[in-house]
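What follows is one structure encoded as structure tokens, with my remarks underneath.
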Amino acid sequence: MEVNDIILDLLEEMEKVVVGQSELCRMLSVCMIAGGHVLIEGVPGVGKTLAARTMAKAVDVHFKRVQFTPDLMPSDILGTNVFDAQSSAFKLHRGPIFTNFLLADEINRTPPKTQSALLEAMEEGRVTIDGTEYRMAQPFMVFATQNPIEYEGTYPLPEAQLDRFMMKLIVSYPLREEEIRLYNNIQQGFDSQAITEIKPVLNGEKVLAAREEMQRVRVDASLLSYIYEILDATRRDPGTLLGASPRAGVAVLSAGKALALIEGRDFCIPEDFRGIANAVLRHRLILTPDAEIDGSTPDAIVSRALGSVTVPR
């Protein structure tokens with residue numbers, strides 16, 4: 001299976017609908033092949049939800065969306081056991097988490113207790129309800145969105161939950177030409193709720209096959225050291241209170257291998273890891289108060305780390 005050809009078809013389909021966000025679509029594809037989950041941050045109206053819905057339709061998998069609100073309960077996500085009078089037994093009424101692609105819309109609007117309902121599924125691929133374990137369907141991927149500017153009535157995700165996301169993607173406004181093209185599409189009758197233009201180009205079985213192929217991507221020992229040096233640089237940076245963990249290094253490795261596969265290679269090069277470093281590391285760094293006051297950002301820390309480490313050749 002030529003993964004790069006399939007992903008090119010996928011991106012072509014997605015860009016019929018998701019205008020001006022080609023890098024977002026590309027990173028979503030990398031995360032999907034790598035078997036991770038993604039947190040998408042951006043102001044309202046830039047296509048975060050649309051991108052997740054479009055990818056689910058192009059991949060042809062089961063998709064469910066949950067609007068996270070302050071009164072949402074864990075059982076609203078996981079499901080609950082309901083007594084069946086006919087069989088005189090409890091039966092599980094499955095919640096929306098039992099799907100392939102789950103969109104947790106505005107995840108930071110629900111309390112930590114409900115946010116944590118996702119943790120076991122995201123980390124271990126299973127959920128426990130009333131002491132019984134249920135395996136998640138595969139592939140299973142969580143898309144979570146949040147608004148970076150509106151904090152009233154929100155509950156910031158704790159570090160433990162942020163660490164479950166392989167990537168945090170920042171979505172900005174499209175370029176002038178792209179935004180005008182979007183308006184032109186609307187003028188011609190495009191309906192973002194229907195997205196009938198999207199045709200499936202792969203399915204869940206092909207995604208799992210691509211993940212198996214990704215495991216065979218070769219990574220030289222010098223590149224493993226390179227990953228460590230990048231992470232170590234974030235830990236030693238004076239602007240960080242907490243640097244990237246070994247789990248972050250595993251995520252960098254997996255995402256880099258997925259990117260190499262999408263680029264049509266069965267081996268990694270340093271640019272693979274540099275290309276995904278910000279997306280994988282930015283949400284795992286905790287800055288010192290002084291660094292935050294000075295206006296530093298996690299992306300700046302990652303950029304310094306990349307610049308301070310010798311690139312293997």
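The model shown is predicted, which means the values in this text are computed figures rather than measured ones.
In Gln215, the CD atom is crowded: over 12 heavy atoms of neighbouring residues, nucleotides or ligands sit closer than 6.0 Å.
Hydrophobic clustering (ILVMFWY, side-chain heavy atoms < 4.5 Å, transitive): Ile180 and Val19 are in distinct clusters. Taken together through direct or relayed side-chain contacts under 4.5 Å among Ile, Leu, Val, Met, Phe, Trp and Tyr, Leu224 and Ile230 form part of one hydrophobic cluster. There is no path of hydrophobic side-chain contacts, each under 4.5 Å, that joins Leu261 to Leu208. Hydrophobic clustering (ILVMFWY, side-chain heavy atoms < 4.5 Å, transitive): Ile186 and Leu50 are in one cluster. By the rule that hydrophobic residues join a cluster once side-chain heavy atoms approach within less than 4.5 Å of another member, Ile269 and Val311 end up as members of separate clusters.
Glu12 has no carboxylate O lying under 4.0 Å from a charged side-chain N of Lys199, or vice versa, which leaves the two without a salt bridge. Salt bridge Asp163/Arg284: present, at least one basic N to carboxylate O contact under 4.0 Å. We find that Arg265 and Glu263 are not joined by a salt bridge, their nearest charged nitrogen and carboxylate oxygen being 4.0 Å or further apart. In this structure, Arg65 pairs ionically with Asp105, as a charged nitrogen and a carboxylate oxygen lie closer than 4.0 Å. Between Glu271 and Arg274, none of the side-chain N atoms (NZ, or NE/NH1/NH2) sits under 4.0 Å from a carboxylate O, so this pair counts as no salt bridge. Salt-bridge formation is not detected for the pair Glu178/Arg181: no Lys NZ or Arg NE/NH1/NH2 atom is positioned less than 4.0 Å from an Asp or Glu carboxylate oxygen. Taking the charged nitrogens against the carboxylate oxygens, Arg211 and Glu205 have no contact shorter than 4.0 Å, which rules out a salt bridge.
One distance of note links CG of Asp232 with CD1 of Ile227; it measures 13.5 Å at 0.5 Å rounding. Rounding to the nearest 0.5 Å gives a distance of 7.5 Å between OG1 of Thr49 and CD of Gln67. Here Thr288 contributes atom OG1 and Leu241 contributes atom CG; the two are 7.0 Å apart, rounded to the nearest 0.5 Å. In this structure, OH on Tyr134 lies 7.0 Å from CZ on Arg94, to the nearest 0.5 angstrom. Separating the CE atom in Met14 from the CD1 atom in Ile7 is a distance of 10.0 Å, to the nearest 0.5 Å. Summarising the geometry, atom NZ belonging to Lys168 is positioned 9.0 Å from atom CG belonging to Leu157; distances are rounded to the nearest 0.5 Å.
In terms of heavy atoms, Phe63 sits closest to Ala52 at CE1-O, 4.1 Å. Asp60 and Pro200 get closest at one heavy-atom pair: CB-CB, 3.6 Å. Here the shortest heavy-atom pairing between Ala248 and Leu281 reads CB-CD2, 3.8 Å. In terms of heavy atoms, Asn203 sits closest to Lys206 at OD1-N, 3.0 Å. For the residue pair Gln115 and Tyr155, the shortest heavy atom distance occurs at NE2-O, 2.9 Å. Between Glu124 and Arg126, the shortest heavy-atom distance links the atoms OE1-NH2, 2.6 Å.
Thr240 places no side-chain N or O within 3.5 Å of a backbone atom of Arg236 that could act as its donor or acceptor partner. Side-chain atoms of Thr234 come within 3.5 Å of backbone N or O of Ala244 as a donor-acceptor pair. A donor-acceptor pair is defined here as one N or O able to donate and one able to accept, closer than 3.5 Å; such a pair exists between the side chain of His37 and the backbone of Met122. The backbone N or O of Arg164 lies less than 3.5 Å from no partner atom in the side chain of Glu123, so there is not a single donor-acceptor pair. A donor-acceptor pair under 3.5 Å is absent between the side-chain atoms of Thr99 and the main chain of Pro96, judged by distance alone. Checked by atom type and distance alone, the side chain of Gln187 never pairs as donor or acceptor with a backbone atom of Leu182 at under 3.5 Å. Judged purely by atom type and a 3.5 angstrom limit, Asn100 uses its side chain to pair as donor or acceptor with the backbone of His62. With Ser254 contributing its side chain and Ala251 its backbone, the two residues share no donor-acceptor pair below 3.5 Å. Between the side chain of Ser303 and the backbone N or O of Asp299 there is at least one donor-acceptor pair closer than 3.5 Å. Judged purely by atom type and a 3.5 angstrom limit, Glu133 has no side-chain atom pairing as donor or acceptor with the backbone of Val127.
Phe101 is listed as a side-chain neighbour of Met32, based on a closest heavy-atom distance under 4.5 Å. Here the side chains of Leu306 and Val302 are in contact, with some heavy-atom distance below 4.5 Å. Using a 4.5 Å heavy-atom cutoff, the side chains of Ile276 and Met27 are in contact. Ser225 places none of its side-chain heavy atoms less than 4.5 Å from the side chain of Pro312. At a threshold of 4.5 Å between non-hydrogen side-chain atoms, the residues His283 and Pro298 do not count as touching. For the pair Leu102 and Met141, the minimum side-chain heavy-atom distance is 4.5 Å or more. A heavy-atom distance below 4.5 Å is found between the side chains of Glu213 and Val3. Using a 4.5 Å heavy-atom threshold, the side chains of Ile107 and Phe165 count as touching.
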So Val280 and Phe273, side-chain contact (heavy atoms from CB on, under 4.5 Å) or not? Walk me through it. CA-CA 10 Å; Val280 175; Phe273 304 113; over 6 Å; no

Applying side-chain contact (heavy atoms from CB on, under 4.5 Å), run through Leu28 and Val38 and close with a yes or a no. CA-CA 7 Å; Leu28 288 177; Val38 61; 3.7 Å; yes

Would you sort out whether Arg282 and Ile170 count as a side-chain contact (heavy atoms from CB on, under 4.5 Å), showing the intermediate values? CA-CA 10 Å; Arg282 61 166 57 107; Ile170 307 297; 3.7 Å; yes

Run Asp272 and Lys257 through salt bridge (charged side-chain N to carboxylate O under 4.0 Å, His left out) and show every step you take. CA-CA 7 Å; Asp272 294 326; Lys257 291 170 69 174; over 6 Å; no

Checking side-chain contact (heavy atoms from CB on, under 4.5 Å) for the pair Leu10/Met55: CA distance, chi angles, key distance, verdict? CA-CA 8 Å; Leu10 172 64; Met55 173 169 270; 4.1 Å; yes

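Side-chain contact, Gln146 with Glu106: no donor N or O sits under 3.5 Å from an acceptor N or O. Side-chain atoms of Asn81 and Asp130 form a donor-acceptor pair, as typed in the model, at a separation below 3.5 Å. In summary, the side chains of Ser222 and Asp220 do present a donor paired with an acceptor at a separation below 3.5 Å, with no hydrogens or angles considered. With no hydrogens or angles considered, a side-chain donor-acceptor pair links Glu179 and Tyr183 at under 3.5 Å. If you check the side chains of Thr128 and Glu120, you find a donor sitting under 3.5 Å from an acceptor.
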Result block: side-chain N/O donor-acceptor pairs under 3.5 angstrom for residues 68-78, not counting sequence neighbours:
{"from": "Thr69", "atom 1": "OG1", "to": "Asp71", "atom 2": "OD1", "distance (Å)": "2.6"}
{"from": "Asp76", "atom 1": "OD2", "to": "Met73", "atom 2": "N", "distance (Å)": "2.8"}

